[in-house]
Each structure stands twice: as structure tokens, then as C-alpha cells.
J.: 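Mind looking over this structure? Questions follow.
Just so you know, residue 1 is the first one in the sequence shown, and it goes up from there.
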Amino acid sequence: MWEWLGGTVFVATGVAWLKGFLNSFLPPPARARLALANSWSAPPPRSANRFRIVVCWLKDDIGGGGETVARAFTGVHGVELVRSARLVTAGGAADDWVPAMQRAAFKVLDEWQADLAIVGLVKRPGESLGLWFVPRSGDGTLDHPDPTFRLEDVTLGVDFHGELRAQLGAVALAHVAPLAEAQERGQAVAHELKKAATKLSRLLEGPTVDDSKRRAVLYGALGTALRSLGERESGTVHLEQAVEAHGTALMNLAREGDPLYWAATQVNLANALATMGKRESGTARLEQAEEAYRAALETCSREGAPLAWAEIQNNLGATLQVLGERESGAERLLQAEEAYRGALEVRTRASIPVDWAMTQNNLGNVLQILAERESGTARLEEAVVAHRSVLEVRTRERVPLQWATTQDSLGNALATLGERESGTARLEQAVEAYRAALEVRTRERVPLDWAATQNNLGNVLHSQGKRESDNVRVEQAVEAYRAALEVRTRERVPLDWAATQYNLGNAFSTLGDRESDVARLEQAVKAYHDALEVRTRRRVPLDWAGTQTNLGSVLHSLGKRESGTVRLEQAVEAYRAALKEYSRELVPLQWAITQYNLGNVLHSLGVRESGTAHLEEAVVAYRAALEIRTRERTPLDWAATQNNLGLALVILGERVGEIKLLEQAVEVLSAAARVFSIEGTSELQITVQENLRRALSSLQVLGANQG
């Protein structure tokens, strides 16, 4: 399976479960259960460095085809104990043989501690062989087949070699590749996938494969192998080759002649494009993936193939989510939410718990992202509930890596909730979730996932440190970010690298402000500038704007500690840049915060200068912020903005000798004082009272002079 970071999303591998395509293979349903007809003594312990494959059963196999398929793996490095286990009719329950066959296959996986079971059927000699691959899964549940592999004109005789073995090896190894957690097994599967891809490429270059449908099947197998290789590597070379292979397969397929197989190939193409798009900074590949998924949905309907439709909806949602994260609006994110909810109407917990958990986790992730662009907590609460429900299915014992992924997603939702609440309970729960994830997400096992969780842990430690005035927590956050950057390099994952640089800058900024440490603040400026080399406005507009905002904040802090105005002017420039993307219509809260911060730095400039231009601009910025920061919605933020507005009006009134400005200052400061007396701290009350006394005194003096 495939998961997005910085926020994490699951997408199923392989071809969609196409009911219509499967029915082209199946005879009328048999009323039978299947059971193991033979078993052997207990198998030896599994090697940590090799895969174990069992060929379970081929329906209507009367010529020893299962043994022939098993022999296809002879000499394959990294594979051991390929056996043929015969399944027979066991009783009279009214079960279709397909789910019965799969349940029996899971028993084989369990008994033989295997990684992959191969099942299928042999049609009449000279027609076709259909194989389904049942990989080891967390809870032993698979209620639908995955027809990723079929061979035309095969009798499973002595001719089962060459291209046939190459196809079988490519697709089978692609199915076990996600299980290659240990480094040795990962190297073994990559080696064999490369061999299979080379064989398929040579076959396709030769003159013997002249039938278009046959070429399409071979190109599909080649694309599957190449994509699996690409997912295990940091670059995109193999993924680009996979896109080319699946694209060529589509050129050899007629949509009208085999619509569901055509749709399945579109899904494979889309999956490869989406993986590439995640690794690149632009959106072109992701948009191409979206187009391919939507094309598949035109052929694969919910009514005709509900499970396949649900899988495509899930994968489409994942792609829309990444696109939405890179755009300033919420349209694509809302479309992703809609796609996930549609998939969950078919992928129910009762019928398909593994797939339900995947999509439910994805839904929780997109709800959290949407919530970050809104002011309420309803979506966040729903995201927490979604992730906690997923953990009831994704247990650590059954699926440790997926359990860790969901713990990381839960931590993200809890951390965002904690940011919006006054206590630390949610933040502490988030730390607990991240540390749990890191028990499984180790650097050796899954380095990029480990780095993602280290980054997320750093974020919540930083939040705790700010809330508790605890520099130790902030220093721990710095350590977590630096650990993440050992794996999240600019060359390997540029956008993730930039995100962690941004977070590191935030932590340095906090430490620099608290310790009056200019060196820390300079470190923050450098980290933000580094991030902006990748976080460009064109690539990730909202992230660019957020980084500009925080850069403006640290430049303001440096400017207040220096005698000149260069840093303050740079801060104004950064805030004005951010407002090019932080519009009131799209992100009203961020727009208001940035207007408030811009007002503060303009205020600082105005205090150092003899004129009034910057102070007047500060007043405009504060009044703009108050359009969103209302007393009803955010009373303390409203009062803080009123306080700063009042002080700017006092200074303006004193400089130009205008009673009206001082009267306005008294009015807004009095209003702020009333709120702070009810909800604010003693420090806030003291500050606003001092400003109010200054306003009243200046008003009295000016009135006396003019009277």
C-alpha cells in the first residue's frame, strides 16, 4: 500500500477489483465450501530475508498446473518454500467459490507463515489462466479478488516459461513488495523485480509479441513491476517508466472491447502518476492522475462493480487531497472528502474492515486539513473519532505499520485541537500518539515515515513548550526536527525538507524571543529563507504565505532589538507578500492574523520615526483585522487588537494634536479593558490600563491646551 506524509493517506496497490471482469472468468456459482485437502508437518521458521509463497489452488486444474506455476519461482532469489496446497469442496453451504477460496487461502498463509498465496482457475485448454494473489494482511480478511494477472492461450504445460514466467514473477513480486520491511528482503525483491522487468522489456522489443491484447497484458505487468520498484526508491526514474508502460498498454487496448480491463489499466496508470506527483513540487502529474481516475470511473460504475468503484474513489480522494494541500482554496479538499465518504458507503466496516479502515483514516486526514483552514473544531473532533475507530481494526499486533500510521494521523488531529484549546491535555495525548508510532516507525524500517513522525512530534513539543513556558520542550522539538532532516533531505523530498526547515525556524524563533538571543533569531531567519527556496508562491502558495508570515515575525523581533529600521522594513515586506495569498475570502483567520502582525511592525516603525505615515498604516491594518477578530468570535484576540489600535491612536493623537484621535483611543482601550478584566490575565489588564491612563492624560493635557 501507499501512504502520503505530512499527513498521511493510504491508497491500494494493484488493479481495481473489477467484478465484471472477474465474472468473465467465473462459472456459475458453486454451492460449496473449500478446505485444505492436505497439510504437512509444521514448516520451518520463516527467514527474515526471504519471502514464502504458496500456490494454493487452481480451479478445474486436472493436469498439475499448480505445480507448474510453483516451479516458475525456482531459483528466484529471496523466495523460499513455494508449495502447492490443494483445496477441495468441503460442504454444502451456499457460498460462492471465490470468497470461499480466499478464506481458505488465508488459512494457508497462517499455517505456513507465508507472505503470498496464489489461487485461481484454469479454463478449457488453449484459452486462459486466471490467477489471484492473496498477500498476507493484518486480519485475514479479503472479501474480494484482485484479478491483476491473466495469461491468454496457456495450457500450463512445458511451454510455461519465458514471457509467462516473467509476467508471473513481476506481478507476484509486486504484491509482496509492500511486505518487504527488512532491508535484506527489500534488496531481494528489488533485484528480482528488475530481472522480471528486464525480461518483459526484451520480450516486448522482439517480434514474437504481435497481438495487441497480449502486448497490453505484458506492458501492464511491466508497469506493475516498475511502479513497485519506483515506490521503493527516492527518485522517479522507474515511476516514469511505469507511466510509459501503462500508457502503452492503454494504446493497445480498445475501451469498447474490454471496458473493465481498460479501466483497471487506467487505475494502474493513475496510481503511478499519483506516486510521482507526491514526490514532485508541481501539480501536473497529480492532475493527470485525477484525470485517469475519473476516466476509469466512466467505465467502472458503482452499480456494475461497487468494490472497484469504491477503490477508485478512495484513490481519487487521496490525489485530490494532495492537490488541495498545495492550493489556497478548499474546493479540491472538499471533493476529496466527498470521494472518501462515497467509498465508505461501499467499504463498510462490517463487510470490508481492512479497506474501511484505510478510507476512514484518509477521511480523518482530510477533515483535519480542512479544519486547519477553518475556525471551528467540529471537523477536528470528527477526525479524532475517525482515527480512534480505525485503531479498533488496525491493531499493533495485526498490522503494526498501519497501526503506527494511524497513531501518527491521530496525533496530528489531537495536536491541531490542542492548539485551539487552552489546556495541554490534547497536546499530551498527541505526544503519546507520536511516541507510540515511533516504536514501530523506526528509522531502519521505514526512514521517511520515521522522519515524518519526528517532524510531527517536534511540532507538538514546540506547542507544549510555548504554552507551558518550558524551553526544555522547545529544545526537544529542535532535536526532533534535526533528526527528521537527517532523512528528509532537499534532494530526496524537497517539500518535506522545506516543511521541517520551516518548523525548525519556528522553534528557533520561540527560543530567541524568550532568551533574547539574537543568534537563535538569526538561525530562524536562515531556516525560513531555506524553506522559501522550495516553498515558492507558484508551487505551494499557502505554505509560501505561512513562511513569509513567520519570517516577518522573527524579522520584527530582530528589528526591535536593533537601532535601525532595515529589519522592520523587511518584516513589512514579508507580511505584505503573505497577504497576496492570505486573502480575506479564502483564509479569513490567517488574513486577520497577518493584518494584526503587519499593524504591529508598522507601529514599531512609526514609533521610531517622526512622521505619521506608518502609524496611520498600522491603524488601517488593525481595523482590518477587527473585521474578522470580533468580540463575539475571539474576545481575547479582539481585545488585544483593540489595545494595539488604541495605543497607535494615542501616539497619532499626541503627534498631530488631535482630540478626536485621543477620544477614539480612550473608547477602544476602555472596551479592551472590560474584556481583559473578565477573561484576560493580570499582565494584559496592566498593559491596557497603562495605555488607557496615557490616553486619558494626553486627552486632558491637549484639551487644556486647546481650551
Side-chain angles (χ1 to χ4, degrees), residues 1-2 10-29 59 95-102 119-121 123 128 130-135 137 141-150 171 175 213 216-217 220 223-224 246 249-250 253-272 274 289-320 338-359 362:
M1 295 185 189
W2 157 33
F10 267 0
V11 180
T13 60
V15 182
W17 294 301
L18 301 177
K19 180 179 178 181
F21 171 62
L22 174 61
N23 286 340
S24 70
F25 275 123
L26 297 185
K59 183 173 174 57
D95 286 343
D96 187 343
W97 74 273
V98 175
M101 169 263 302
Q102 291 174 322
V119 292
L121 73 161
K123 296 192 74 175
S128 59
L131 297 179
W132 290 269
F133 298 88
V134 184
S137 78
T141 301
L142 183 64
D143 296 327
H144 38 72
D146 183 6
T148 60
F149 182 68
R150 65 175 174 178
V171 180
H175 275 75
K213 184 61 175 294
V217 172
T224 298
H246 288 308
L250 283 168
L253 286 172
R255 176 174 176 175
E256 297 75 15
D258 199 344
L260 290 176
Y261 194 76
W262 179 87
T265 307
Q266 285 282 3
V267 172
N268 278 342
L269 172 63
N271 289 345
E290 177 190 357
E291 182 180 352
Y293 285 132
R294 294 196 186 279
L297 286 170
E298 293 175 5
T299 299
C300 184
S301 67
R302 178 174 176 177
E303 295 73 23
L307 293 172
W309 177 86
E311 181 184 345
I312 300 169
Q313 288 286 356
N314 176 79
N315 293 9
L316 173 62
T319 300
L320 289 166
E338 181 182 0
Y340 291 142
R341 292 194 188 278
L344 287 169
E345 293 176 6
V346 174
R347 289 182 159 184
T348 65
R349 180 173 178 177
S351 63
I352 319 172
V354 173
D355 293 346
W356 170 86
M358 176 196 299
T359 306
N362 291 350

J.: About how many Å separate OG1 of Thr299 and OH of Tyr261, when rounded to the nearest 0.5 Å?
T.: 15.0 Å
J.: Kindly compute the distance separating CD (Gln266) from CG (Asn271), expressed to the nearest 0.5 Å.
T.: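 The distance works out to 11.5 Å.
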J.: If you define the side chain from C-beta out and look only at heavy atoms, does anything of Asp355 sit under 4.5 Å from Asn314?
T.: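 In short, these two side chains do not touch, never coming nearer than 4.5 Å.
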J.: Between CG of Leu269 and CG of Leu250, what distance do you get to the nearest 0.5 Å?
T.: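 Result: 6.0 Å between the selected atoms.
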J.: Identify the two heavy atoms, one from Ala263 and one from Cys300, that lie closest to each other, and give their separation to 0.1 Å.
T.: CB-CB, 4.4 Å
J.: Drop me the distance from Glu311's CD to Met358's CE, to the nearest 0.5 angstrom.
T.: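 Glu311 atom CD to Met358 atom CE measures 7.5 Å (nearest 0.5 Å).
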J.: Of Glu298, Glu291, Glu290, which is the lone residue that meets salt bridge (charged side-chain N to carboxylate O under 4.0 Å, His left out) with Arg294?
T.: Glu290
J.: Can you see which heavy atom on Pro306 is nearest to which on Gly304, and at what distance?
T.: CD-C, 3.8 Å
J.: Within the 4.5 Å heavy-atom criterion, are Gln313 and Leu297 side-chain neighbours or not?
T.: yes
J.: To the nearest 0.5 Å, tell me how far Leu307 CG sits from Ile312 CD1.
T.: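 Separation between the atoms: 11.0 Å.
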J.: Tell me the closest heavy-atom pair linking Ala274 and Tyr293, and the distance in Å.
T.: CB-OH, 4.3 Å
J.: Can you tell if the side chain of His246 reaches within under 4.5 Å of the side chain of Thr224, non-hydrogen atoms only?
T.: yes
J.: Can you find a pair of side-chain heavy atoms, one from Arg302 and one from Val346, that are under 4.5 Å apart?
T.: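 A side-chain contact under 4.5 Å exists here.
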